[in-house]
Structures are given as structure tokens and as C-alpha cells.
Amino acid sequence: MIPGPIEFEPEVLHAMGRATSSHVAPDFIESFGTCIELMREVWRSPKGQPFIVAGTGTLAMDMAAANLIEKDDRVLVISTGYFGKRYKDIIDRYGAKTTILEANVGEVVDLDAIEIELKNNAYKALTLTHVDTSTGVRVDPEPIAKLAQKYNCLSILDGVCSVAGEEIKQDDWGIDVVLTGSQKAIGVPPGLALLVASEKAIQVWENRKTSVGSYYSDWNNWLPIIKAYEERRPSYFGTPPVNLIVALETSLKIIQKEGMETRVKRHRELARAFRAGLAALKFDFLPKSNEISANTLTAAYYPEGVDGSALLAKLSKDGIILAGGLLPELKTSYFRIGHMGSVSSNDLIAVLSSLERALIELGHPVKAGEGLQAFQHELLTKNLAIV
Ligand SMILES: *Cc1c(COP(=O)(O)O)cnc(C)c1O
């Protein structure tokens, strides 16, 4: 139950274990082509250009920066935690002039502050983190993307902890790049960097004044390959991670079968019920309100007087693996529970019941069943309109 790698569907793992074919075998070309088509559905970007490259989510961040940012470009980084700061580090490498707007822990950056920056400076691009996995804060990308359009600025969304879990409508919202890594809500073992670029992003890249500084990331190398696979033609630049791509096809088909709308709703309802369960056990959350809380993970402070590592150790005895804190300044005061991908209410009930027992054993004053009751009540209220 960590925020990535998540628990993978058995069919996905089974697909990973199939005999590795040639990267130009007809079956594999078909799988790769299908992945490209299905990515457009998950991203809600019928006009977008998908890229599938071996690497991690960080490579997807780096690839967007390498192809779209040139020396001395102005870039606005909107940060809600650890991964926002990472984006600034990445963009700084390309010689851009970066400005970072940082939210307080558990909050989002004010829209007005973003607009003032965009109005006063000619930014080429802005970056934002949909769900910052260090804080569990969820940003609403739509109004920020609309502001970016108003000021003729590219928008790059780090969706590593949101794509295939949170609502995203890339084309409708006008986001220029939406990127992720395979091991989070998209449900494939680590190793794939995935992104979809808008037509405008591709134009900006085509009109660069200088060549792309990273050979491996350069879209000049990847675009012909992606286009060839989509047209079901053999092609080669760097050997694709065959097994991971077959696994991606399997996972994308599972996602397509569930339907993005249903999937987003499932994540939202389970996350709300889970937070209600934790709140009944007197946990406080890093995000300051429900409106800006992620549906893919929850970040909660340890209750006062409870030894965090002892708590996590007790859960791990029940086979429940949670993640510690990630923000350096608060690392030991909070923990994180991932609930994305194939997560079900049963998974979250197991977490809550184990947490209740562990808290009681550690002498924390909660009553067994309180968290579970709140969880059940919240789910039933939402699903059956029982008050
Ligand atoms: C996990 C994560 C990353 C980094 O992804 P890696 O695959 O670990 O490189 C970047 N951004 C966010 C929001 C993440 O959750």
C-alpha cells in the first residue's frame, strides 16, 4: 500500500513474464501500437502525441524539459512539495531562468499569484505537480492550464501520481504535456516513462533554436519510432523494454474496460471513505482540506505520542506495507498510504483494521471499530444516499 510501485494486477505480471519477443516481431508491433492508441484514451488527448520510453517518471519529466526548454527561457515552477522542487532542479540543468512559487506544506499556490507572475514576465512554460506524492496535495490543473493559455505559456503537468487515477482531460483543459511513470496508477512495474505532448508542444519543439542537449531524450530520435509503431511498421532507435510494453498494453486494456470515468470515481470514493476512517481515529492530514486532497494516496501525521516506526512495523507484521514521510523537514512525523490502481475497499478495510489494532496496542486511545465504521458509513452514504 505504498504510493508506487503499487500492487499489480496478476494479468499484468503474467504479461511481464511472457517470452521476450523481438522488438520488430509483428505481435510486439501490434502491442506497441495499441499502447499508443490507448494512452490517448486514458489521457483524454485524442490530438496528443504519446511517447513511451524506457526510464522512470523522472525521465519523463526530464524529457519534457530537454525538448521544450532552451537556455535563458523563463520557466515558472509551481510547487506543492518534493517533486515540484525536483522539477526546478531538472529545468535549471537546461540553463533556463526559473522562478519557483512554493505552497506552504499542505496548501496549494494561489491562482492570483500565478496570474501575476504570468502577466509580469514572458514565461515560455510552467510546470505543476498534479498530486505531489510527498504531501498528498492535489492541485486542480484546469484553471492553471487556462491561465497558461491566456499568457501564451506552455503547461507541463507532472502526473506521475495521478494519471489513470485522478481526472485528467488533457485536450479539453489545454495542457501541453502530461507525463507519468509506469509503476503508479497506470499499474505496470517500474521502468517506463510515459508522456503525451500537445500539438502546440510539438510545434514549439520543432521551432527550437538550438538542438536538444540530451541524445537519449531527443524527440528527433523517438518521434519517428512512435509514429512507425502506430502505423504498425517495424522501426528501431533504442531497444524498447518489450516485456514492460506488453504489460502496459495489458494494464491499459484493464483500465479501458473499467472506463476512466468509473475509475476516477472509484479512486475518489475510496479515498474519501479512507480519510473519513482515519479522521475517526483522530489522524490529521498534511493537505489542509478535502478539496485539495489526493485520491491516489493519503499523507497523515502520526498521532501525538505514537512512535511512527513502531506503528509501521506493526502493520508490516500484518503484511501491510506503508511508506514513511518524504519531505525532509517532516520526514519522521508523517506517513503515506497509496490507494491507486487496482485498490479495492477490502484493501483499505484491511489497512484500517490493522491500524486500529496497532494504535490500541501502542496505548493510543481509540476504540476498535471506530475507523472501520466511519469508512463503511462514508462509502454507503455516497453509494446508497443513506444519511
Ligand atoms: C514518483 C513520482 C515521481 C518520480 O518518479 P520515478 O519513477 O520515481 O522517477 C515524480 N513525480 C511525482 C509526482 C511522483 O509521484
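Residue numbers run from 1 in the order of the sequence given. Excluded from the calculations below are hydrogen atoms, water molecules and symmetry mates; all remaining heavy atoms, backbone and side chain alike, are included. As the structure lists them, so they are numbered: ligands from 1, and atoms in each ligand from 1.
Atom numbering of ligand 1 starts at 1 in the shown order; those under 4.0 Å from a heavy atom of Thr129 are 13 (C). Close approach of ligand 1 to Val131 is summarised as follows: ligand atoms under 4.0 Å from at least one heavy atom of the residue are 13 (C). Under a 4.0 Å criterion applied to the non-hydrogen atoms of Thr58, ligand 1 contributes the atoms 4 (C), 5 (O), 6 (P), 9 (O). In the vicinity of Met61, heavy-atom distances shorter than 4.0 Å reach the ligand 1 atoms 10 (C).
Across the listed options Val160, Leu297, Thr180, Val160 owns the non-hydrogen atom lying nearest to atom 12 (C) of ligand 1.
The closest side-chain donor-acceptor pair between Arg275 and Asn290 falls under 3.5 angstrom. At a cut-off of 3.5 Å, with distance as the only test, a side-chain donor of Glu70 or Thr210 sits close to an acceptor on the other residue.
Scanning the protein heavy atoms around atom 1 (C) of ligand 1, the nearest turns out to be Lys184 NZ, 1.4 Å. Looking from atom 15 (O) of ligand 1 to the surrounding protein, the closest heavy atom is Thr133 OG1, 2.3 Å. With hydrogens left out, the protein atom closest to atom 3 (C) of ligand 1 is Phe83 CE2, 3.3 Å, a heavy atom. The shortest contact between atom 8 (O) of ligand 1 and any protein heavy atom is with Gln183 NE2, 3.8 Å.
Trp219 and Phe51 have parallel rings, their planes meeting at less than 30° on a 0 to 90° scale where 60° marks the start of perpendicular.
Of all heavy-atom pairs spanning Gly136 and Leu297, the tightest one is CA-CD2, 3.9 Å.
Checked against a 3.5 angstrom limit, the closest N/O atoms of Asp158 and ligand 1 fall inside it. Of the N or O atoms in Arg86, none lie within a sub-3.5 Å distance of an N or O in ligand 1.
Looking at Phe283, Phe335, Tyr334 one by one, the single match for ring pair (Phe, Tyr, Trp, His ring centres under 6.0 Å) with Tyr302 turns out to be Phe335.
Residue contacts with ligand 1: Leu59 is excluded, as none of its non-hydrogen atoms falls under 4.0 Å. In this structure, His130 falls outside the shell of residues with a heavy atom less than 4.0 angstrom from ligand 1. Within the structure, ligand 1 has Cys161 among the residues with a heavy atom less than 4.0 angstrom away.
If you look at Trp222 and Tyr229, their ring centroids are not closer than 6.0 Å.
Between Thr99 and Tyr123 the shortest side-chain heavy-atom distance falls below 4.5 Å. Counting only heavy atoms from C-beta outward, the side chains of Glu102 and Lys85 approach each other to under 4.5 Å.
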Fill in: His339/Thr298 under side-chain hydrogen bond (donor to acceptor under 3.5 Å, both in side chains): CA gap, chis, key distance, verdict
CA-CA 8 Å; His339 34 78; Thr298 297; 2.7 Å; yes
